[in-house]
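Report on one structure; see the data block that follows.
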Amino acid sequence: MATDGVLARGTLGWASGGNFTSLCPNGSKWVWDGLGECAQDGRDMASVYLGLLSIVCFMVSSLPQYWNSWKKGNMDSALSVWFLLLWLAGDSCNLVGSFLADQLPLQTYTAVYYVLADLLMLTMYTYYKLRNRRAAGRTALNAVGVSCILGLSASLTRLPGLSPQPEMSPSGFRSRSLLSTADAGAIATFTTKEIVGFSIGSLSSVLYLCSRLPQMYTNFRRKSTEGVSYFLFALVILGNATYGLSVLLKNPDQSQGERSYLVHHLPWLIGSLGTLSLDLIISIQFLIYRNPPDQNPSLHQEESAPLIGS
């Protein structure tokens, strides 16, 4: 992976047989050893801390929904299955795209967790759907959809570009091989592998944005958000905000400019910050539908009628 002190990029993070001092001067040792990144100043460290915070937010975001589903047992009616399926598809594309496009190690680590959390959420949804058995035909359709998405996720992980391919870099530190360029004002040229990763990353952004629409429609149709935990979306909002800031704060390579860095990370920024805006709309739905509609208005009128006529 690395020879003669030259830094090389492997499957996840960095590996080097050289001296840490020469490869990442004035860098944080624990960030280098634990995360495979070179954090040399306060901006880099802020990016690392925000990235770690985003992981924590996403890790705990599903827990309130798990609890809410267990307590009320209506997860299959409260959440849209297409919201969960599109979320899983977006996370799967995000994982593959992050790897192929050589994104930050923290982005790849986070993407792995996303897929696992989505699979658990879908498992719970399927459990409550089968347990309640209110629409056998729709259950079969949803099962087909789940199978298709899982099959797509499995096929993406078997792409040829996912096999470890060591890359050699010039001597000295290089923060991202994707963004290396001699002209700091120009946009780095994409390789074939990077084009595939960028395209899949763009697809993941579209899927993320589309995933919120079924849930927004479900809330609107039910005129209620009962059974949906607001903390799920609140923590996802916080996670997406810190995730986007983490990417934006990371220092570009010395031989590249901010413009090139932003272009190469654009799909992931749109996916996180764009989804954040839609989650804010869902938050407004929680405010609008915080009082569920009266299920039996005639009964309410009878109870409010006077007992003795005038």
Side-chain angles (χ1 to χ4, degrees), residues 10-13 34-36 50-70 75-76 78-101 103-130 142-143 145-159 161-164 197 200-201 203-205 207-208 210-212 214-215 228-229 231-240 242-244 246-247 267-268 271-272 275-276 279:
T11 305
L12 295 174
L35 302 177
L50 286 172
L52 293 175
L53 178 59
S54 72
I55 292 178
V56 173
C57 290
F58 284 115
M59 287 182 67
V60 301
S61 64
S62 301
L63 298 181
Q65 185 60 53
Y66 297 154
W67 167 255
N68 203 339
S69 300
W70 177 82
M75 184 178 185
D76 56 317
L79 292 178
S80 168
V81 66
W82 295 110
F83 163 62
L84 299 176
L85 289 175
L86 290 172
W87 203 352
L88 172 61
D91 285 337
S92 299
C93 291
N94 177 44
L95 172 60
V96 177
S98 297
F99 187 93
L100 292 179
Q103 297 298 295
L104 303 177
L106 269 178
Q107 290 178 263
T108 308
Y109 301 150
T110 309
V112 172
Y113 178 80
Y114 293 167
V115 174
L116 297 177
D118 293 343
L119 290 174
L120 179 58
M121 188 79 75
L122 268 173
T123 301
M124 291 188 63
Y125 177 92
T126 304
Y127 166 75
Y128 284 108
K129 190 69 175 180
L130 294 176
N142 293 339
V146 172
S147 301
C148 292
I149 296 298
L150 294 179
L152 174 62
S153 304
S155 62
L156 287 175
T157 59
R158 301 180 65 86
L159 287 174
L162 286 179
S163 57
I200 295 178
L203 176 60
S204 73
S205 298
L207 291 171
Y208 281 142
C210 292
S211 68
R212 268 46 179 183
Q215 187 59 45
V228 183
S229 173
F231 289 103
L232 167 65
F233 292 95
L235 289 170
V236 168
I237 289 173
L238 181 58
N240 277 320
T242 53
Y243 179 88
S246 173
V247 176
W268 290 268
S272 62
T275 303
L276 185 151
D279 286 340

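Here the structure is a predicted model, which means the values were calculated and not measured. Note that the numbering runs from 1 along the sequence shown for the chain.
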Hey, mind stepping through L84 and D118 against side-chain contact (heavy atoms from CB on, under 4.5 Å) and telling me if it holds?
-> CA-CA 7 Å; L84 299 176; D118 293 343; over 6 Å; no
Trace of the side-chain contact (heavy atoms from CB on, under 4.5 Å) decision for L122 with L88 = CA-CA 9 Å; L122 268 173; L88 172 61; 3.5 Å; yes
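For the atom pair CG of N94 and OG of S204, the computed distance is 5.0 Å after rounding to the nearest 0.5 Å. A distance of 9.5 Å separates OH in Y128 from CG in D76, rounded to the nearest 0.5 Å. In this structure, CG on L79 lies 6.5 Å from CZ on F83, to the nearest 0.5 angstrom.
The backbone N or O of S80 lies less than 3.5 Å from a partner atom in the side chain of Q215, making a donor-acceptor pair. The backbone N or O of S229 sits less than 3.5 Å from a side-chain atom of Q65, completing a donor-acceptor pair. Of the possible donor and acceptor atoms, none in the side chain of S246 sits under 3.5 Å from a partner among the backbone N and O of T242. A donor-acceptor pair under 3.5 Å is absent between the side-chain atoms of Y243 and the main chain of S272, judged by distance alone. Panel note: side chain S62, backbone A117; no donor-acceptor pair is recorded below 3.5 Å.
For the pair N240 and S54, the minimum side-chain heavy-atom distance is 4.5 Å or more. L116 has its side chain out of reach of L120: every pair of non-hydrogen atoms, C-beta onward, lies at least 4.5 Å apart. The closest side-chain heavy-atom distance from V60 to L235 is below 4.5 Å. Using a 4.5 Å heavy-atom cutoff, the side chains of Y113 and I55 are not in contact. Proximity of M121 to M75: side-chain heavy atoms (C-beta onward) are separated by under 4.5 Å at one or more points.
Note: Y114 and F58 have perpendicular aromatic rings, judged against thresholds of 30 and 60 degrees for the angle between ring planes.
Between C93 and L207, the shortest heavy-atom distance links the atoms SG-CD1, 4.0 Å.
For F231, the CZ atom counts as loosely surrounded, since its 6.0 Å shell holds 12 or fewer non-hydrogen atoms of other residues, nucleotides or ligands.
Outside the 6.0 Å centre-distance limit, the rings of W70 and Y66 are not counted as a close aromatic pair.
There is a side-chain donor-acceptor pair under 3.5 Å between Y208 and D91.
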